[in-house]
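Below: the structure, in structure tokens.
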Amino acid sequence: MARRTVSTLLIGALGGGIAALVSLPMAWMLGPLFAVLIASLAGIRAGIDKRLHRGSIAMLGLFIGNRIELDELSHLLEWYPSVLAMLAYMGVMLAGGAWLFSHSGMSRLSAVFCSFPGSMNATVILAERLGVDIRWIAITHAMRLVIVVASAAFMASYLAGGIVLGEGNGVSWQNLSLLVLAPASWWLGRLLSFPLPEFLGPMAVGAVLATLGHGVVLPDLLLVATFLVLGSSVGARFAGTPWRRVVQVGRFGLLFGLYAVLMAVAAAWLLSTFTPHSFAAALLALLPGGVGEMAVIAVALDVDPIYVVTHHVLRLLLLILATPVVIALSQRMAR
């Protein structure tokens, strides 16, 4: 796995370098994503070690947590309109996605799993336990993730007039202590039974340190490496997928990804029109992308990352809790 990880990161680094040269938004995330995706579909065995992937998410959690002050949590009760909008959005995604995928020839249960708005890993695990063909689900969710992350980055660049995340700082021995602090915070998150411990544990530690006046500054080189791993990991989700299956299933995944973005844009516009929330904040809170990716784009747009992360964690928990009910209803309708 180590050799595959290194070769994948080299491909991702090439894509990131090219993306940076052409000034692509979020170059070191989208460049590796597209480069590794193309390599995977070309037959190259791409993959990123899960420990390295989760370690990068932990580093990202520290970076985002450093921009949070704990007194911002007092605004939680003010967010109920967007939480209600998120619930409605989840319902629209499930209903529209299930209808779309039912026309692809897959079973009703497979169609429901393909239409889950987020939580790819949990969805694949649950589907496998129920004997559903997870290849359909993996492809459609990978398509959805790529489209959502790329769309969010491009829209963020348009709204902000460009994205700059680094702080222009170099690497010092003090910065390198983050390589110990990030996994230690991940372990703390697991100890406290946090959902998404590799992200929320470090984010909480970063927020506490920032509130106490001990900010965590992520060196630009380490930030680039973090994005390189995250982008490459998304692109590697297509490893081992033949073109025929991508064309057969991917067109429905592509439509579902576009549907997810369009519905999120519409819901975000309504929220920004009738509530104090900005369009960018509402959009990033609703889009069913990875919580880490959406949170770091929020930081780039100077949007409250707590607001964005709270909605994504709530969505994850609600999906897990609602899954048995959704499955039971789907099986009953299939009889």
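Starting from 1, each residue takes its place in the sequence as its number.
Note that CD1 of I147 is 4.5 Å distant from CG of L254, once rounded to the nearest 0.5 Å. To the nearest 0.5 Å, the span separating CZ on F227 from CG on L222 amounts to 10.5 Å. Here CZ of R54 is found 10.0 Å from CG of D49. Values are rounded to the nearest 0.5 Å. Atom CG of L188 and atom CG of L200 lie 11.5 Å apart (nearest 0.5 Å). A distance of 10.0 Å separates CE in M86 from OG1 in T310, rounded to the nearest 0.5 Å. R45 contributes atom CZ, which lies 11.5 Å from atom OG of S40 (distance to the nearest 0.5 angstrom).
Using a 4.5 Å cut-off on side-chain heavy atoms (C-beta onward), I11 and I38 make no contact. Residues F199 and V309 are in side-chain contact: their nearest non-hydrogen atoms beyond the backbone lie under 4.5 Å apart. When side chains are defined from C-beta on, L181 counts as touching L209, because their heavy atoms get closer than 4.5 Å. Using a 4.5 Å cut-off on side-chain heavy atoms (C-beta onward), F256 and T140 make no contact. Inter-residue side-chain proximity for T5 and L9 is flagged as met; some heavy-atom pair is nearer than 4.5 Å. In this structure, the side chains of P202 and M59 stay at 4.5 Å or more apart for every pair of heavy atoms. Under the 4.5 Å side-chain criterion, counting only non-hydrogen atoms from C-beta, M93 is in contact with Y259. When side chains are defined from C-beta on, R4 does not count as touching I48, because their heavy atoms never get closer than 4.5 Å.
With hydrogens and angles ignored, the 3.5 Å screen pairs a side-chain donor or acceptor of S278 with a backbone N or O of A281. Of the possible donor and acceptor atoms, one in the side chain of R315 sits under 3.5 Å from a partner among the backbone N and O of P117. Side-chain atoms of S102 do not come within 3.5 Å of backbone N or O of R108 as any donor-acceptor pair.
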Residues L287, L283; criterion side chain to side chain contact (heavy atoms under 4.5 Å, CB included); working and verdict: CA-CA 6 Å; L287 279 172; L283 181 64; 3.8 Å; yes
Working for side chain to side chain contact (heavy atoms under 4.5 Å, CB included), residues L286 and L271: CA-CA 11 Å; L286 292 173; L271 272 175; 4.2 Å; yes
Full working for side chain to side chain contact (heavy atoms under 4.5 Å, CB included) between F279 and V265: CA-CA 8 Å; F279 172 79; V265 167; 4.1 Å; yes
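Among pairs with a residue in residues 280-312, those fulfilling ring pair (Phe, Tyr, Trp, His ring centres under 6.0 Å) read W79-Y307, H277-Y307, Y307-H311, at least two apart in sequence or across chains.
Taking each heavy atom of V146 and F34 in turn, the nearest pair found is CG1-CE2, 4.2 Å. Nearest heavy-atom pair across G12 and P32 is O-CG, 3.3 Å. Of all the heavy atoms in S115 and A98, the pair that sits closest is CB-N, 3.4 Å. Taking each heavy atom of W186 and A58 in turn, the nearest pair found is CB-CB, 4.4 Å. A pairwise comparison of heavy atoms in A280 and V303 identifies CB-CG2, 4.2 Å as the closest pair. Closest approach of A152 and M294 over heavy atoms only: CB-CE, 3.8 Å.
The hydrophobic clustering, which links ILVMFWY residues whose side-chain heavy atoms are closer than 4.5 Å, places L84 and L314 together. If you chain together hydrophobic residues whose side chains sit under 4.5 Å apart, L262 and L100 never meet in one group. I44 and I18 are assigned to two separate hydrophobic clusters, defined by single-linkage of ILVMFWY side chains at heavy-atom distances under 4.5 Å. Following chains of ILVMFWY side-chain contacts shorter than 4.5 Å, one can reach L87 starting from V112, so the two form part of one hydrophobic cluster. Hydrophobic clustering (ILVMFWY, side-chain heavy atoms < 4.5 Å, transitive): V229 and L145 are in distinct clusters.
Residues that satisfy the ring pair (Phe, Tyr, Trp, His ring centres under 6.0 Å) test with Y89, not counting sequence neighbours, are absent from this structure. With sequence neighbours excluded, no residue forms a ring pair (Phe, Tyr, Trp, His ring centres under 6.0 Å) with W269.
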